[in-house]
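Below, chains carry the letters A, B, ... as their sequence lines are ordered, and counting in each starts from 1.
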Protein chains: 2
Amino acid sequence: MADRANDNITADDVARVAGVSRWTVNRAFKKDASISAATRARVMEAAGQLGYAPDLLAASLASDRSNLVALLVDDFANPHKLVMMERLTRILRQHGWDTLLVNTLDRNDATVALMNASQRRVDAAVLIGVNFDDQELETALGARRIRKLIVFARFSANPNTISICCDDRAAMLQMTDHVIGKGYRRPLFLAGPQTLSAHLMRKETFLARWQAATGTIAAFTSVARYDPTLAYATVTTHLTGLSADRRPDVIVCENDALAMGAIDAIRYEFGLRTPDDIAVTGFDDVPQTTSPNYRLTTYRQPLTAMVEGLVSVLKGETESADLSLFQGRMVIRDSA
Amino acid sequence: MADRANDNITADDVARVAGVSRWTVNRAFKKDASISAATRARVMEAAGQLGYAPDLLAASLASDRSNLVALLVDDFANPHKLVMMERLTRILRQHGWDTLLVNTLDRNDATVALMNASQRRVDAAVLIGVNFDDQELETALGARRIRKLIVFARFSANPNTISICCDDRAAMLQMTDHVIGKGYRRPLFLAGPQTLSAHLMRKETFLARWQAATGTIAAFTSVARYDPTLAYATVTTHLTGLSADRRPDVIVCENDALAMGAIDAIRYEFGLRTPDDIAVTGFDDVPQTTSPNYRLTTYRQPLTAMVEGLVSVLKGETESADLSLFQGRMVIRDSA
DNA sequence: GAAAATTATGCACCCGCGTGCAAGCGGACT
DNA sequence: AGTCCGCTTGCACGCGGGTGCATAATTTTC
């Protein structure tokens, strides 16, 4: 390591060089501060020369605003998380926030991790977990100093949280109608884990719409985790022993991870084809679904708009309405 | 939002309740501090009652140790990143470090983002990017206050960095020998982008070993990004027009992302089978490769051990040797 | 051209905790 | 009983900057 450690250049040093007071130096670094263009230029010149940059730690301590957001993730198996992280970190950064990545996979660690985040005075905690249960929500809520608890990409009925998600109901209605319109008649809904606080209404929406539209009752089953391997196993179990005229002709999945497992099972366990023998739909539009192995018909959430909604919440300029009704769009490929 | 905001419980408040001085309160929260068991208990009791937790911002400011690590990621397309993030965040947390996720996808933002991280006094910056080029390295190095720059899962020749990775050469030799042993004779090496500072020696190793062992020269080509779609296109171009006796019988890929694209191309563009017509190998063992679509023969890096190596570097107890010679193991499935 | 209205700059005090050292306390030993 | 020693506890000062207001430097106004 070369000469890294010329630390300790503080605003005072810059002030000395620029011939102003320390406060003027800090003003120079603050947007729309009351300072003349000339002095600011002089300060910046000195700062650049010394390699000075304001210390965010000290700033956070003094101002009680950290510009830090904790991102709680409890599922690293779904590639969609990667997409969300990319979008979140990029856009948050553009608006001045940094992201603390908190792994809450292990329940025990989760409490500690969350506690830790709160001790760093994060401005908000954003949950993009899908497996999180009510207990995790409570833990998060219990943590002091977490000013805002935001559930992202999932609806939460908990009054202590702000949930930013797309209009799941509308999305699922659209998907259901598409499936019905395609002429499928024996559906199977493949749901993920069922939790209380932050629940997706996809299954309920699908079942209700299906019955209303066709007069028949749709079958469903659920998987304990959003894991393609588990979906594979569940679908295999479900289809085994069913004769061709009794097995489903379409499997509507709660998300792409499940859908990919389902397609694999259909193809490799039963030698059937998608969509000819059994069609499949997903949700999320993860990059992998474009592979010719899947060509999945799915639904894309308006992530960018949602993250911008998040930013407005962070800035405190939200009207708190319409944050759970973002409209995405269906992506129709070959799987259904 | 309910009653979140009973902030401002400081060590002083606890001290008052416990009937000790503020310093004693902080001692109680510090491992192996000089304090009697009795007082500590009394302090903790009071703290629990008040819901007090030390402020890490203030602590970092005062102690000049943030227990924060910046994780720089410039590729959110490869699912392997998700695996690494999970492992890194979990193990770092166990050792007391939090992780700042920095998106350096966009070169322009990267500088700002990195600057920002340094302003938070991160103890180290860890690069798990694969596309990062020399300029990015330089930017990182230029950032003040970044005490340690660590290149993770990739070898870096830059003397100002510490690189923690597996013994790529040994791994590739093993893979090459496996491929040779299987009897393949017309290989194609599919490499990723070629950068200078942090280069994988996989291609060189493969080509050299192949020639030494068989006396023939192996073909190779490269892809501009570690993206299955690009790999698909490149492989398609490469194979188009080749008669069966002139096309490769095995494609050795620099990582799984490329391998998956290759397999898709082989199957869907040419109607060929893997491994019967063209075998394929990858590197990383990402979860997706276990899908029956791929059943990829690949190489698994010892991530946990590597992260523990990282921790020891952070703790400053590393011998600085052996950090780039971790031994992983081949995972032989059906693709080769 | 002087008073009023702006805009610039400086400053005291605070954010919450860490560091190193000095003071307090009790027991063992001569 | 007095002294030395080791373990606890208290404290002054500092980490680097933010806030609100007072003061100084300009500019505007009539």
The criterion is side chain to side chain donor-acceptor pair (under 3.5 Å); which residues satisfy it with Arg93(B), sequence neighbours excluded? Asn116(A), Asp98(B)
Contact class for Arg65(B) vs. all strands (heavy atom < 4.0 Å): base, sugar-phosphate, or nothing? sugar-phosphate
Tell me what Ser60(A) touches on the nucleic acid: a base, only sugar-phosphate, or nothing, going by heavy atoms under 4.0 Å. nothing
Under 3.5 Å, which protein N or O atoms sit close to an N or O of nucleotides 5-7 of chain D? Give each pair with its distance.
none

Between Thr24(B) and dG10(D), does any side-chain N or O lie under 4.0 Å from OP1 or OP2? yes
Got a sec, which residues hit side chain to side chain donor-acceptor pair (under 3.5 Å) with Trp23(A), two or more places apart in sequence or on another chain? none
Quick one: side chain to side chain donor-acceptor pair (under 3.5 Å) partners of Thr89(A), sequence neighbours excluded? Asn103(B)
Between Ala37(B) and Ala11(A), just flag the one whose closest nucleotide in DNA chain D comes earlier from the 5' side. Ala37(B)
Over the length of the helix from dG1(C)-dC30(D) to dT30(C)-dA1(D), how much do the five-pair end axes diverge, rounded to 10 degrees? 30°
Distances for protein N or O near nucleotides 11-15 of chain D N or O, under 3.5 Å:
| from | atom 1 | to | atom 2 | distance (Å) |
| --- | --- | --- | --- | --- |
| dA12(D) | N6 | Trp23(B) | NE1 | 2.8 |

For Asp106(B), enumerate each residue passing the salt bridge (Lys or Arg N to Asp or Glu O under 4.0 Å) test, keeping only those at least two apart in sequence or located in another chain. none
Is there side-chain contact between His80(A) and Gln301(A), with heavy atoms separated by less than 4.5 Å? yes
Just how far, in rounded Å, is P of dG10(C) from CZ of Arg16(A)? 14 Å
Can you list everything that forms a salt bridge (Lys or Arg N to Asp or Glu O under 4.0 Å) with Arg27(B)? Sequence neighbours excluded, please. none
Arg40(A): what forms a salt bridge (Lys or Arg N to Asp or Glu O under 4.0 Å) with it, not counting sequence neighbours? none
Restricting to pairs with a member in residues 29-49 of chain A, which pass ring pair (Phe, Tyr, Trp, His ring centres under 6.0 Å), not counting sequence neighbours? Phe29(A)-Tyr52(A)
Please report, rounded to the nearest Å, how far the C1' atom of dC15(C) is from the CG atom of Leu57(A). 12 Å
May I have the distance from Asp64(A) (atom CG) to dG18(D) (atom C1'), rounded to whole angstrom? 11 Å
Note, Val122(A) side chain near Val69(A) side chain (heavy atom, < 4.5 Å): no
Would you kindly give the CZ-to-P distance between Arg120(B) and dG17(D), to the nearest whole Å? 14 Å
Donor-acceptor under 3.5 Å (Thr161(A) side chain, Ile150(A) main chain): no
Compare side-chain N and O positions of Lys30(A) against OP1 and OP2 of dT19(D) and report whether any pair is under 4.0 Å apart. yes
Tell me the interatomic distance from Ile9(B), atom CD1, to dC17(C), atom P, rounded to whole angstroms. 10 Å
Partners passing salt bridge (Lys or Arg N to Asp or Glu O under 4.0 Å) against Arg65(B) (at least two apart in sequence or in another chain): none
By side chain to side chain donor-acceptor pair (under 3.5 Å) - contacts of Gln327(A) (at least two apart): Asp167(A)
Short side-chain N/O contact from Asn26(B) to OP1 or OP2 of dG18(C), under 4.0 Å: yes
Atom-to-atom span, CG of Asp55(A) to P of dC17(C) - whole angstrom: 17 Å
